[in-house]
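What follows is a structure written as structure tokens; I'll ask about it next.
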Protein chains: 2
Amino acid sequence: MDPSIAQLSLDHESRIEHDDHQAIRLWLRLLTCTNLIERHLRNRLRSEFDITLPRFDLMAQLAREPQGLTMGDLSQRMMVSGGNVSGIATQLEKEGLISREPVPGNRRAFCVTLTAAGNKRFAEMATAHEGWIVDCLGELSDAEYEHMMAMLKDIKAGVSAIKD
Amino acid sequence: MDPSIAQLSLDHESRIEHDDHQAIRLWLRLLTCTNLIERHLRNRLRSEFDITLPRFDLMAQLAREPQGLTMGDLSQRMMVSGGNVSGIATQLEKEGLISREPVPGNRRAFCVTLTAAGNKRFAEMATAHEGWIVDCLGELSDAEYEHMMAMLKDIKAGVSAIKD
DNA sequence: ATGCGATATTTTAAACATAAAATGTTTCTT
DNA sequence: AAGAAACATTTTATGTTTAAAATATCGCAT
């Protein structure tokens with residue numbers, strides 16, 4: 001066999017294997033960072049506002065859409081299952097922070113909105129929440145921020161294109 | 001007031017506010033990417049190997065340390081609570097994939113290892129798992145990979161330094 | 001009109017996660 | 001040696017998450 005061919009294919013193999021390990025390492029570091037930040041946010045929401053992250057997230061979605069969202073909209077935007085939204089919404093409703101009103105023309109759907117109390121409470125929490133995130137991620141330069149956003153955008157697009 | 005001073009502080013304020021929004025956007029995108037990939041891995045592990053991600057993660061820790069790990073080691077390396085490890089280990093033991101043996105000199109601790117069946121099964125899964133991660137993250141160039149790793153390292157260090 | 005498939009939501013069962021209490025073991029101090 | 005403190009693990013209570021089943025409604029093609 002031509003030794004240059006053998007050399008080429010060997011290089012190819014080692015490059016592939018090297019890339020594999022790279023990707024694994026990147027994934028593990030990505031996961032660690034995200035989990036660290038998420039845990040931090042979760043702890044502070046609990047200790048300072050006595051609320052869980054999922055409840056806060058649901059309220060954040062509603063705060064962006066003052067006209068309200070259906071349960072299905074919430075499920076889609078929060079990227080969690082419908083049953084999950086159902087449980088979280090039940091609790092927030094019990095606390096008086098959101099309301100579920102029937103939709104005039106559609107007896108299947110509910111329109112979920114923040115109550116006045118919910119709006120007030122969310123405004124307080126959102127300010128603190130933003131600060132915590134800046135504490136975690138605010139040290140990056142503008143260039144690093146842009147680069148990171150661009151890479152994550154590509155990754156997101158690539159992963160979304162994979163069929164389960 | 002000196003107008004140049006006013007201008008400076010205004011710029012400062014607006015820069016801060018701009019950074020805030022940047023950090024939030026970056027956090028949301030980071031979270032979305034991580035969740036997408038994690039969900040993909042979870043689905044494939046379930047559909048192709050009928051195993052959950054936490055169980056796979058526990059086995060992965062053991063595969064790296066053939067001499068075995070204690071429950072406490074596992075808890076620390078997986079960054080989850082001891083009670084959680086206890087439950088996952090109970091199930092894996094029931095499936096015959098790991099074994100919990102008493103440690104000779106210490107009757108408090110257990111030495112957890114992969115069984116022969118566990119080793120064989122993990123080897124099959126690990127190959128597929130690596131491939132899935134490369135599918136998700138393998139498109140980055142070496143430079144992008146290095147840059148991303150470096151940024152995440154800084155972020156990890158910064159977040160770890162924050163006291164809860 | 002009627003019935004069938006799609007839609008919107010809730011309920012249920014199983015797995016996972018945590019914090020805190022309980023259990024048993026080891027080590028240190030006196 | 002006895003007691004206290006620290007350690008390793010499990011148990012318990014509570015809550016989150018998902019997939020799948022159940023419930024109810026809607027819209028459309030016959």
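These numbers come from the heavy atoms of this one structure, side chains and all, not from hydrogens, waters or symmetry mates. Convention: sequence-line order gives letters A, B, ...; per-chain numbering from 1.
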Using residues 58-68 of chain B as the side-chain source, report each donor-acceptor pair under 3.5 Å to any protein atom, sequence neighbours left out, with the distance given to one decimal.
from: B:Glu65; atom 1: OE1; to: B:Gln67; atom 2: NE2; distance (Å): 3.0
from: B:Glu65; atom 1: OE2; to: B:Arg77; atom 2: NH1; distance (Å): 3.0

Check: B:Glu139: what forms a salt bridge (Lys or Arg N to Asp or Glu O under 4.0 Å) with it, not counting sequence neighbours?
Finding: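 Once residues adjacent in sequence are excluded, B:Glu139 has no partner under the salt bridge (Lys or Arg N to Asp or Glu O under 4.0 Å) criterion.
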Item checked: Selection residues 74-99 of chain B - residue pairs positive for ring-ring contact (aromatic ring centres under 6.0 Å, His included), sequence neighbours left out -> none
Check: What are the bounds, 5' to 3', of the part of DNA chain D that sits under 4.0 Å from heavy atoms of chain B?
Finding: D:dC7 to D:dA19
Margin query: If you assign each of B:Thr52 and A:Arg46 to its closest nucleotide in DNA chain C, which residue comes earlier from the 5' end?
Written below: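 The answer here is B:Thr52.
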Next item on the list: First locate atom CD1 of A:Ile155, then atom CZ of B:Arg29, and finally report the distance between them rounded to the nearest 0.5 Å.
Entry: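 Output value for this atom pair is 10.5 Å.
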Notebook entry, point to check: What one-letter contact string describes nucleotides 2-14 of chain C from 5' to 3', where B marks a base within less than 4.0 Å of any protein heavy atom, S marks contact via sugar-phosphate atoms alone, and - marks no contact?
Noted result: -----BSSBB---
Notebook entry, point to check: How would you label the contact of A:Gln76 with the nucleic acid (heavy atoms, under 4.0 Å): base, sugar-phosphate, or nothing?
Noted result: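 The answer is nothing, as A:Gln76 stays clear of every strand by at least 4.0 Å.
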Please report, to 0.1 Å, the donor-acceptor pairs under 3.5 Å made by any side chain of residues 116-128 of chain B, with sequence neighbours excluded.
from: B:Arg121; atom 1: NH2; to: B:Phe49; atom 2: O; distance (Å): 2.7
from: B:Thr127; atom 1: OG1; to: B:Ala123; atom 2: O; distance (Å): 3.2

Item checked: Pair listing, ring-ring contact (aromatic ring centres under 6.0 Å, His included) test, anchored in residues 130-157 of chain A, at least two apart -> A:His147-B:His147
Margin query: Please report the distance, rounded to the nearest Å, between CD in A:Glu38 and C1' in C:dA17.
Written below: 12 Å
Margin query: Taking side-chain hydrogen bond (donor to acceptor under 3.5 Å, both in side chains) as the cut-off, I'd like each qualifying pair that reaches into residues 93-104 of chain B, sequence neighbours left out, listed once.
Written below: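 Found B:Arg55-B:Glu95, B:Thr90-B:Arg100, B:Glu93-B:Arg100, B:Ser99-B:Thr113.
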Notebook entry, point to check: Can you list the residues that meet the salt bridge (Lys or Arg N to Asp or Glu O under 4.0 Å) rule with B:Arg42, with sequence neighbours excluded?
Noted result: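 Checked B:Arg42 against salt bridge (Lys or Arg N to Asp or Glu O under 4.0 Å); matches are B:Glu38.
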Check: Taking for each residue the nucleotide of DNA chain D bearing the nearest heavy atom, is the 5' side occupied by A:Ile88 or by A:Gly105?
Finding: A:Ile88
Next item on the list: Figure out the CZ/P separation between B:Arg107 and C:dT23, and round it to whole Å.
Entry: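 So the two atoms are 18 Å apart, to the nearest Å.
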Notebook entry, point to check: Given atom CE of B:Met79 and atom C1' of C:dC16, what is their separation to the nearest angstrom?
Noted result: 16 Å
Next item on the list: Count the heavy atoms of every other residue, nucleotide or ligand shown that sit under 6.0 Å from CD of B:Glu48, and state whether that count exceeds 12.
Entry: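 Counting neighbours around CD of B:Glu48, more than 12 heavy atoms of other residues, nucleotides or ligands fall under 6.0 Å, so yes.
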Check: A:Asn43 CG to C:dT18 C1': how many Å, rounded?
Finding: 10 Å
Checklist line | Which residues share a side-chain hydrogen bond (donor to acceptor under 3.5 Å, both in side chains) with B:Asp73, sequence neighbours left out | finding: B:Thr70
Note to self: So if I take the C1' atoms of five pairs at each end of the helix from C:dA1-D:dT30 to C:dT30-D:dA1 and get each local axis, what angle do the two axes make, rounded to 10 degrees?
What the structure shows: 0°
Checklist line | Set of side-chain hydrogen bond (donor to acceptor under 3.5 Å, both in side chains) partners for B:Ser75, sequence neighbours left out | finding: none
